[in-house]
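Since the structure comes first, as structure tokens, the remarks are kept for the end.
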Amino acid sequence: TNNNMFSKLNNLYWFIRYTRNKSVKRRYYRYVTVEKKRLIESGVDKEELRLYCRALSARLNRHAEKRLETYRKNQL
């Protein structure tokens, strides 16, 4: 369910990572802010969302991904 719920964020962060145009990046960060607000209002765990966005924005940062995995395991 998480991937479906976060699919829009995946898409937005893909554009942020792959564009070099700063104004386009800023626009997509605004879209991310709106989407994060929507997800939080729909009852998504704020910390999981924060860790997820951190892992998406820095794909090469293995620590970010590991922290997300650890957090998800501890929530079960």
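Note: hydrogens, waters and symmetry copies are ignored here, and every other heavy atom, side chains too, is used.
Judged as a side chain to side chain donor-acceptor pair (under 3.5 Å), and not counting sequence neighbours, Glu69 has no contacts. Considering only residues two or more places apart in sequence or on other chains, Arg38 meets the side chain to side chain donor-acceptor pair (under 3.5 Å) condition with Glu35. Arg50 pairs by the salt bridge (Lys or Arg N to Asp or Glu O under 4.0 Å) definition with Glu47, not counting sequence neighbours. Listed by chain and residue number, Glu65 satisfy the salt bridge (Lys or Arg N to Asp or Glu O under 4.0 Å) test with Arg62 (two or more places apart in sequence, or in another chain). Residues meeting the side-chain contact (heavy atoms from CB on, under 4.5 Å) test with Phe15, sequence neighbours left out: Asn11, Tyr28. When the salt bridge (Lys or Arg N to Asp or Glu O under 4.0 Å) test is applied to Arg67, no partner is found at least two apart in sequence or on another chain. A search for side chain to side chain donor-acceptor pair (under 3.5 Å) contacts involving Tyr31 returns nothing, not counting sequence neighbours. Qualifying side chain to side chain donor-acceptor pair (under 3.5 Å) partners for Arg30, counting only residues two or more places apart in sequence or in other chains: none. With sequence neighbours left out, the side-chain contact (heavy atoms from CB on, under 4.5 Å) criterion links Asn61 to Arg54, Ala58, His63, Ala64. Remark: Thr19 engages Asn21, Val24, Lys25 in a side-chain contact (heavy atoms from CB on, under 4.5 Å) (not counting sequence neighbours). Every residue two or more places apart in sequence or in another chain that forms a side-chain contact (heavy atoms from CB on, under 4.5 Å) with Gln75 is listed here: Asp45, Tyr71.
Put simply, the side chain of Ser42 reaches to within 4.5 Å of the side chain of Val44, judged on heavy atoms. Side-chain contact between Cys53 and Lys36 is present, with heavy atoms from C-beta onward closer than 4.5 Å. In this structure, the side chains of Leu39 and Phe6 come closer than 4.5 Å at one or more pairs of heavy atoms. The shortest distance between side-chain heavy atoms of Tyr29 and Tyr13 falls below 4.5 Å.
Val34 and Val32 fall into different hydrophobic clusters, where Ile, Leu, Val, Met, Phe, Trp and Tyr side chains are chained together by heavy-atom contacts under 4.5 Å. Both Leu12 and Ile40 belong to a single network of hydrophobic side chains, linked directly or stepwise wherever heavy atoms of I, L, V, M, F, W or Y lie under 4.5 Å apart.
Panel note: side chain Arg59, backbone Arg17; no donor-acceptor pair is recorded below 3.5 Å.
Atom CG of Leu49 is separated from atom CE of Met5 by 8.5 Å, given to the nearest 0.5 angstrom.
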